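Here is the structure we will look at, set down as structure tokens.
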Amino acid sequence: MSEETVRLYRSLKRIRRVEEVTAEIYPSDKIKSPVHLAIGQEQVSVAVCDVLGPRDWVGGSYRSHAMHLAKGGSLPGLIAEMYGKETGCCRGKGGSMHVIDVAAGVMGSSAVVGTQIPMATGYALAAKMAGDGSVVAVFFGDGATEEGCFYESLNFAALHRLPILYVCENNGYAIHEPLSKRRARPEGICGAAEALGVPATRIDDGCVFAIRSAAETAVRTMRTGGGPALIEAVVYRWRQHVGPNEDYDQGYRGHDEAQPWKERDQVARLAGMLDPATREAVDAGIEAEIEAAVAFAESSPVPAAEELYADVFA
Amino acid sequence: MSSPESRTLRYVDALREAFEQEMERDSTVFLFGLDVDDHLGIQGSTKGLLERFGPERVFTTPLSEDAMTGVAIGAAMAGRRPVHVHIRMDFMLLCMNQLVNIAAKAHYMWGGQVRVPLVVRSMVGKSWGQGAQHSQGLHALFAHIPGLKVVAPSNAHDAKGCMIAAIRDDNPVIFMEHRLLYNTEADVPVAPCEVPFGKARLCTRGDDITIVGVSNMVQEAIRAAELLAEAGVRAEVVDPISIVPLDIATIVRSARRTRRLLVVDNGWTMCGVSAEIAARVAEETEGVRIRRMGFAPTTCPTSPWLEADFYPNPATIAETAWAMARPDAPAWRPDPERARLAWQVQFKGPF
Ligand SMILES: Cc1ncc(C[n+]2csc(CCOP(=O)(O)OP(=O)(O)O)c2C)c(N)n1
Ligand SMILES: [Mg+2]
């Protein structure tokens with residue numbers, strides 16, 4: 001039971017529980033925000049953020065709760081944001097799809113598919129210009145790799161040797177559409193990156209340690225001018241594309257497809273690697289933290305009417 | 001008022017019927033875009049079409065809106081009649097280059113030798129935390145460009161009639177739908193029917209004020225007119241149905257008579273459709289008092305408490321209209337509870 005295992009477990013379990021609690025609250029209609037849960041695919045954010053420092057940036061999509069929490073983004077701020085409260089991480093203006101924590105290096109997530117990819121590449125350009133050795137990691141789905149800006153960004157990053165790790169969380173679906181209906185070569189994402197000059201690694205079993213190790217190698221190289229890299233982490237989304245529930249009864253996928261992924265669940269796997277006393281202490285800490293964050297969101301004030309017009313311009 | 005020739009249909013089902021009838025009639029019509037063939041079928045508006053017409057005419061695409069728009073334009077020039085679907089109007093911003101630089105201009109710039117019979121459908125979102133990037137009504141951006149037609153049907157009847165007219169039109173048509181209208185019902189003809197573009201409809205009659213609504217704001221304005229009627233103000237609600245071409249004559253005629261014009265848009269007022277209508281009426285009339293309402297001049301927030309103030313609603317429309325029609329009377333506002341629209345209150349997310 002290494003220190004690293006405890007740390008990764010804590011991060012994985014914390015994200016899992018935050019999202020489970022979000023799903024439990026959801027039917028109360030207190031969260032009037034479209035939630036895209038990462039349950040089942042938390043390990044990608046956890047592994048990558050584990051090798052990043054406080055001065056490194058991360059960027060992501062509408063499905064960014066995991067990234068936000070793994071990078072150290074505020075938990076009360078996240079829950080309060082979903083509640084639409086003044087204390088939310090966007091002051092109630094962004095909701096679940098638009099999270100940010102500037103102090104923690106969470107750059108602000110965007111809900112138009114792919115838009116975070118060039119934006120993060122810009123952060124990487126700025127990091128290179130600053131020459132401070134900081135790096136950027138940007139998370140996106142398999143669907144986002146079909147947008148033109150993905151290719152254009154990778155080409156530019158390779159050309160300028162930008163310190164950016166492109167992290168494709170390939171869960172096999174864009175909403176309900178499988179990769180096979182969107183790509184002639186579903187396994188071609190890494191090849192496309194390589195063709196543009198971005199070294200790519202595919203990890204197809206969802207192993208948190210394997211993803212961490214690939215990220216560590218890539219980040220070490222880019223801190224000293226080694227240029228961009230891409231990791232394609234194959235994962236599985238357990239819940240609906242958007243919303244709190246499972247959707248195996250909808251006909252577009254079945255439990256059989258999910259089963260191997262549930263057996264490989266990284267939260268359960270790492271839980272089994274911890275001694276029971278340690279695990280219980282970690283779990284208790286997580287529950288207390290979540291309870292406090294929910295209470296904070298519930299008791300926070302709603303935004304004042306003037307807030308509607310605040311921050312249109314800087 | 002149902003008859004054998006028509007029956008009550010929901011907005012989404014009316015759209016679906018339009019696709020079914022047009023695809024049946026004309027084998028060059030095809031429908032594509034993200035998720036058109038999944039089990040939900042764009043909230044039901046494309047449901048069953050894959051089974052009926054097959055995957056060559058009903059298919060999803062990669063997440064590549066820019067290129068897919070170009071593909072649609074090319075296919076249209078080559079003789080097909082594509083209907084390209086976006087689940088939010090916001091995503092059409094990825095298509096701007098293709099739509100503005102190619103689709104809108106092709107017929108003119110190439111001397112009238114090619115046509116782009118393309119329909120681009122998109123849905124405008126509202127409420128349940130749609131927020132900055134899932135709620136925009138961008139019809140004014142398109143209306144600005146010569147060569148693009150822009151329609152925004154406000155009810156199930158017009159949804160069917162406008163869609164059929166759009167598919168038959170030899171020009172690119174930007175078709176704006178509103179997510180919260182999808183469950184609203186109207187009497188819809190069974191047979192294929194066209195609602196012609198450039199012909200506004202008078203939804204209510206009145207002599208005190210003209211209220212022009214756009215898209216779902218037509219429904220909000222009709223509710224406002226009902227509340228105003230109870231207070232003794234008779235409002236004439238006009239639905240332009242199409243923004244390009246715009247039936248300004250009907251609006252001018254009504255405004256000349258009522259001497260008051262309130263334009264309520266499902267978009268921002270700055271350089272928006274409401275500005276255009278107000279300017280045209282001001283140019284063509286004298287002594288008409290004009291006001292505009294639309295999105296608050298800010299980005300749409302997700303917090304429900306802030307979002308409530310972002311949109312005009314039947315209460316604020318009625319209050320504004322009252323102040324225009326009864327400038328010397330004390331201010332009046334309807335009971336906000338009675339101003340709420342059931343189909344909006346009942347709407348639940350996540351999307
Ligand atoms: C440009 C754009 N097109 C379409 C959408 C609608 N949409 C939201 S999520 C999504 C699927 C994205 O799939 P993927 O990138 O694989 O990410 P995942 O949701 O699986 O994490 C789509 C099509 C959007 N938000 N933005
Ligand atoms: Mg995906």
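Convention: sequence-line order gives letters A, B, ...; per-chain numbering from 1. It should be emphasised that the depicted structure is a prediction, and the values quoted were computed from it without experimental measurement.
In this structure, NE2 on B:His39 lies 8.5 Å from CG on A:Asp249, to the nearest 0.5 angstrom. B:Lys348 NZ to A:Lys32 NZ: the interatomic distance, rounded to the nearest 0.5 Å, is 8.5 Å. For the atom pair B:Ser303 OG and A:Glu86 CD, the distance stands at 10.0 Å (nearest 0.5 Å). Rounded to the nearest 0.5 Å, atoms CD (A:Gln240) and CZ (B:Phe351) are 12.0 Å apart.
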_Test side-chain contact (heavy atoms from CB on, under 4.5 Å) applied to A:Val112 and B:Leu94, step by step_ = CA-CA 10 Å; A:Val112 179; B:Leu94 278 80; 3.8 Å; yes
_Worked verdict on A:Met97 versus B:Gln133 for side-chain contact (heavy atoms from CB on, under 4.5 Å)_ = CA-CA 10 Å; A:Met97 300 194 288; B:Gln133 300 174 333; over 6 Å; no
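Looking at every heavy atom in both residues, B:Pro350 comes nearest to A:Val242 through CB-CG2, 3.6 Å.
B:Lys105 NZ: more than 12 foreign heavy atoms inside a 6.0 Å radius. The environment of CD in B:Glu51 is crowded: more than 12 heavy-atom neighbours from other residues, nucleotides or ligands sit within 6.0 Å. A 6.0 Å sphere centred on CZ of B:Arg10 holds more than 12 heavy atoms belonging to other residues, nucleotides or ligands.
With sequence neighbours left out, the side-chain contact (heavy atoms from CB on, under 4.5 Å) criterion links A:Ala293 to A:Leu75, A:Pro76, A:Ile79.
Comparing A:Cys90, A:Cys149, A:Ser110 by heavy-atom pairs within less than 4.5 Å of chain B, the highest count is held by A:Ser110. Note: B:Leu306 leads B:Asp38, B:Leu306, B:Thr61, B:Asp309 in heavy-atom pairs under 4.5 Å with chain A. Comparing A:Tyr83, A:Tyr252, A:Tyr62 by how many heavy-atom pairs each has under 4.5 Å with chain B, the most go to A:Tyr252.
Contacts of A:Met82 with chain B are absent, with no heavy-atom separation under 4.5 Å from either backbone or side chain. The part of B:Leu40 that comes within reach of chain A is its side chain, from C-beta onward, which places non-hydrogen atoms under 4.5 angstrom from that chain. At a 4.5 Å heavy-atom cutoff, the contact between B:Trp305 and chain A is made by side-chain atoms alone. At a 4.5 Å heavy-atom cutoff, B:Asp90 makes no contact with chain A through either its backbone or its side chain. Looking at B:Glu307, there are no atoms closer than 4.5 Å to chain A (heavy atoms on both sides), in backbone or side chain. Neither the backbone nor the side chain of B:Asp66 comes within less than 4.5 Å of any heavy atom of chain A. Interface residue B:Pro297: backbone and side-chain heavy atoms are both found under 4.5 Å from chain A.
Side-chain N/O atoms of B:Ser64 and A:Glu147 include no donor and acceptor closer than 3.5 Å.
Residues of residues 172-190 of chain A that come within less than 4.5 angstrom of chain B, heavy atom to heavy atom, are A:Ala174, A:Ile175, A:His176, A:Glu177, A:Lys181, A:Arg182 in numerical order. Within residues 301-314 of chain A, the residues that have a heavy atom under 4.5 Å from a heavy atom of chain B are A:Val302, A:Pro303, A:Ala304, A:Ala305, A:Glu307, A:Leu308, A:Tyr309, A:Val312, listed by number.
Counting heavy atoms from C-beta on, the side chains of B:Thr302 and A:Glu81 come closer than 4.5 Å.
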Name every donor-acceptor pair, under 3.5 Å, that has one atom in a side chain of residues 262-270 of chain B and the other anywhere in the protein, sequence neighbours excluded.
| from | atom 1 | to | atom 2 | distance (Å) |
| --- | --- | --- | --- | --- |
| B:Asp265 | OD1 | B:His139 | NE2 | 2.8 |
| B:Asp265 | OD2 | B:His139 | NE2 | 3.2 |
| B:Trp268 | NE1 | B:Ala296 | O | 3.0 |
| B:Trp268 | NE1 | B:Thr298 | O | 2.9 |

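Judged by distance alone, with hydrogens and angles left aside, the side-chain atoms of A:Glu146 form no donor-acceptor pair with the main-chain N or O of B:Pro62 at under 3.5 Å.
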